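Heads up: numbering here begins at 1 and tracks the sequence. Predicted model only: the values in this text are computed from it and were never measured.
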Amino acid sequence: VIAGKWLFKNKLSPDGSLERRKARWVVRGFSQRPGVDFHQTFSPVVKPASIRTVLHLAASRSWPVHQVDVKNAFLHGNLAERVYCHQPAGFVDPAQPNHVCQLVKSLYGLKQAPRAWFQHLNAHLRSLGFTATSSDSSLFVFKDGAALAYLLVYVDDIILTGSSATLLQQIVAALCKEFAIKDLGALKFFLGVQVRRDSRGFFLTQSQYTEDILERAGMSNCKPATTPVDDKQKLSVHDGDPEMDATFYRSITGALQYLTLSRPDIAYAVNQACLYMHKPRAAHWNLVKRILRYLRGTIDHGLRISVSSTTDLKAYSDADWAGCPDTRRSTSGYCVYLGDSLVSWSSKRQQTVSRSSAEAEYRGVANAAAECCWIRNLLHELHVHINKATVIYCDNISAVYLSENPVHHRRTKHVEIDIHFVREKVALGQFRVLHIPTARQIADIMTKGLPTSLFQDFRVSLCIQSSGASTEGGC
């Protein structure tokens, strides 16, 4: 039998003011036994790239975008397992105080509650005519003749956009028949991201969230920095004094990871900070403080998703060969643009050691190509047709040559077969890998520290702007 307790919480508005007080009975799911009280617990959530792609399409088509909230979402899930819990405090039956409750619906705290809720929502959306995309299980598409709508689900928060306001009203009304739905109107605040819409598109910012991180780190009044990381030699796991509060370091670094939802300009710096989470030192904390100082000076910056008449897909790929001083593994990064909007990016250390810069760059191209394949499939399921080949820009001539020619010599024998799928895509006409000068390689910002002038130039190319900046002429 599972116990529980009451949780009381103040729910705050995006500006930090009190919205309402909440009381919720939460069971102690940590006492559940696998295979007895629960089986599977996985529940999908929408990918950030899917959100940005849908927002770009909605902005370019002038579609209305609404946010919908499901009240007490987890209470709607139906349980397949037999679960017992104690009677809630304050609601104990005086005639039968020793009896327990058998749960038919899920409660907050149960390990399978998110999964049960999503399964119920998924079944209901399918009954309304929606289809879950295979590219993203939390993105649903409704199409009936000329009527087209997209619905994105992140636990109990829903973004809904469609070809007309009337269609959105009909969908919300259909959802209200099954769930307690609250239509919050035009999208303004989602997953901690503030959304502002104007004639140029959407502007996404996490300024309030950034303020909270700075306050938690005790750096609200710190001196701003011009870049999130310097362009000097990278840190090692052994650098600096070992005396460091690891829990505090992980807390701040994890918060910065979430901030990269709307701040691709700090993706590389945060990726470097995350490499030392297992045993951080004082030198690594200085790296985090450098990121916080940069955020202090750019707290009003955010990501601009622009209106665009084209759906052309292009990507920039780069790699920093053997950049890690400890493992000698390379760091690869890419930026993927849909029209004029940046919809996906990555800065990540490669899983294996590359024997040459060409191999490291080729692996980076393969990573970018895999992401572009996924976005192309996603757009196809969203009924957006791409007739042109996706262009991937790389600043390494050898990697460009490898992607177009079946080269076999002693310098490429060790390259794994799986990354040669780029050649197949190029041969099919779906991709083109072109050379670009290093001075114009935007993905450089994802693989290494850059001088201030170059970093600020590339930051503009990443569609990062201040909240009051003019976007005339595009990102």
Side-chain angles (χ1 to χ4, degrees), residues 1-9 22-51 69-93 95-128 130-140 151-158 175 178-181 191-192 246-247 250-251 253-255 257-258 274 277-279 348 351 374:
V1 181
I2 302 174
K5 65 177 180 179
W6 286 101
L7 290 183
F8 303 94
K9 183 180 180 181
K22 298 174 66 175
R24 178 177 290 162
W25 175 254
V26 180
V27 296
R28 304 173 189 267
F30 58 82
S31 62
Q32 288 182 264
R33 296 167 297 175
V36 178
D37 299 322
F38 71 95
H39 294 91
Q40 296 184 0
T41 61
F42 172 77
S43 179
V45 292
V46 68
K47 298 177 177 63
S50 300
I51 299 175
D69 182 56
V70 183
K71 298 180 181 178
N72 299 319
F74 286 0
L75 305 184
H76 293 286
N78 299 312
L79 292 181
E81 304 86 1
R82 179 172 293 184
V83 182
Y84 298 99
C85 77
H86 290 289
Q87 299 180 55
F91 293 87
V92 178
D93 187 349
Q96 299 170 326
N98 296 323
H99 282 217
V100 297
C101 302
Q102 179 181 345
L103 299 182
V104 178
K105 297 278 189 176
S106 62
L107 287 176
Y108 283 86
L110 287 178
K111 289 185 177 295
Q112 67 267 46
R115 183 181 183 87
W117 150 245
F118 183 81
Q119 288 176 336
H120 188 181
L121 176 64
N122 183 28
H124 185 65
L125 289 175
R126 290 179 183 273
S127 68
L128 298 179
F130 280 88
T131 303
T133 61
S134 59
S135 302
D136 193 332
S137 302
S138 297
L139 172 57
F140 297 83
L151 187 147
L152 303 106
V153 180
Y154 194 100
V155 191
D156 59 346
D157 289 322
I158 296 175
L175 290 172
E178 183 71 14
F179 310 110
I181 294 291
L191 303 180
T247 302
R250 296 182 189 116
S251 173
T253 307
Q257 275 188 305
Y258 192 74
C274 290
M277 292 181 92
H278 60 290
K279 195 175 181 180
K348 190 175 182 181
Q351 296 181 346
W374 175 78

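Among residues two or more places apart in sequence or in another chain, the salt bridge (Lys or Arg N to Asp or Glu O under 4.0 Å) test is passed with Asp157 by none. Judged as a side-chain contact (heavy atoms from CB on, under 4.5 Å), and not counting sequence neighbours, the contacts of Pro88 are Trp6, Trp25, Phe91. Not a single salt bridge (Lys or Arg N to Asp or Glu O under 4.0 Å) links Arg82 to another residue, sequence neighbours left out. Qualifying side-chain contact (heavy atoms from CB on, under 4.5 Å) partners for Lys111, counting only residues two or more places apart in sequence or in other chains: Gln32, Phe38, Thr41. In this structure His99 satisfies the side-chain contact (heavy atoms from CB on, under 4.5 Å) test together with Gln87, Gln96, sequence neighbours excluded. Applying the side-chain contact (heavy atoms from CB on, under 4.5 Å) rule to Arg24 yields the partners Lys22, Val26, Asn72, Tyr108; only residues at least two apart in sequence or on another chain are considered.
Note that CD1 of Ile181 and CG of Asp69 are 8.0 Å apart. Values are rounded to the nearest 0.5 Å. Of the inter-residue distances, the one linking Ser50 atom OG with Leu139 atom CG reads 5.5 Å to the nearest 0.5 angstrom. Taken to the nearest 0.5 Å, the CD atom of Gln257 stands 12.5 Å off from the CZ atom of Arg250. Between atom OH of residue Tyr84 and atom CD1 of residue Ile2 there is a gap of 11.5 Å, rounded to the nearest 0.5 Å. The distance from the CH2 atom of Trp374 to the OG atom of Ser135 is 7.0 Å, given to the nearest 0.5 Å. A distance of 5.0 Å separates CZ of Phe179 from CG of Leu121, quoted to the nearest 0.5 Å.
Heavy-atom minimum distance, Asp37 versus Val83: O-CG2, 3.6 Å. Contact record, Leu110 with Ser106: CD1-CA, 3.9 Å, taken as the closest heavy-atom pair. Here the closest heavy-atom approach between residue Phe74 and residue Ala113 is recorded as CD2-CB, 3.9 Å. Across Ser137 and Ala132, no two heavy atoms sit closer than the pair O-CB, 4.1 Å. Smallest separation of non-hydrogen atoms from Val153 and Val155: CG1-O, 3.5 Å. Heavy-atom minimum distance, Cys85 versus Val27: CB-CG1, 4.4 Å.
The environment of Lys348 atom NZ is sparse: at most 12 non-hydrogen atoms of other residues, nucleotides or ligands sit within 6.0 angstrom. Within a 6.0 Å radius of CD in Gln351, other residues, nucleotides and ligands contribute 12 heavy atoms or fewer.
Residues Lys5 and Arg28 meet the side-chain proximity criterion, which asks for heavy atoms closer than 4.5 Å. Contact of the Pro44 side chain with the Phe118 side chain is registered, since non-hydrogen atoms from C-beta on lie closer than 4.5 Å.
When atom types are taken as modelled, the side chain of Asn78 and the backbone of His120 share no donor-acceptor pair closer than 3.5 angstrom. In this structure, Arg115 contributes its side chain and Phe42 its backbone to a donor-acceptor pair below 3.5 Å.
Side-chain atoms of His76 and Glu178 form no donor-acceptor pair, as typed in the model, at a separation below 3.5 Å.
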I'd like to know whether Leu175 forms a side-chain contact (heavy atoms from CB on, under 4.5 Å) with His124, so could you lay out the CA-CA distance, the side-chain angles of the two residues, the decisive distance to 0.1 Å, and finally the verdict. CA-CA 8 Å; Leu175 290 172; His124 185 65; 3.9 Å; yes
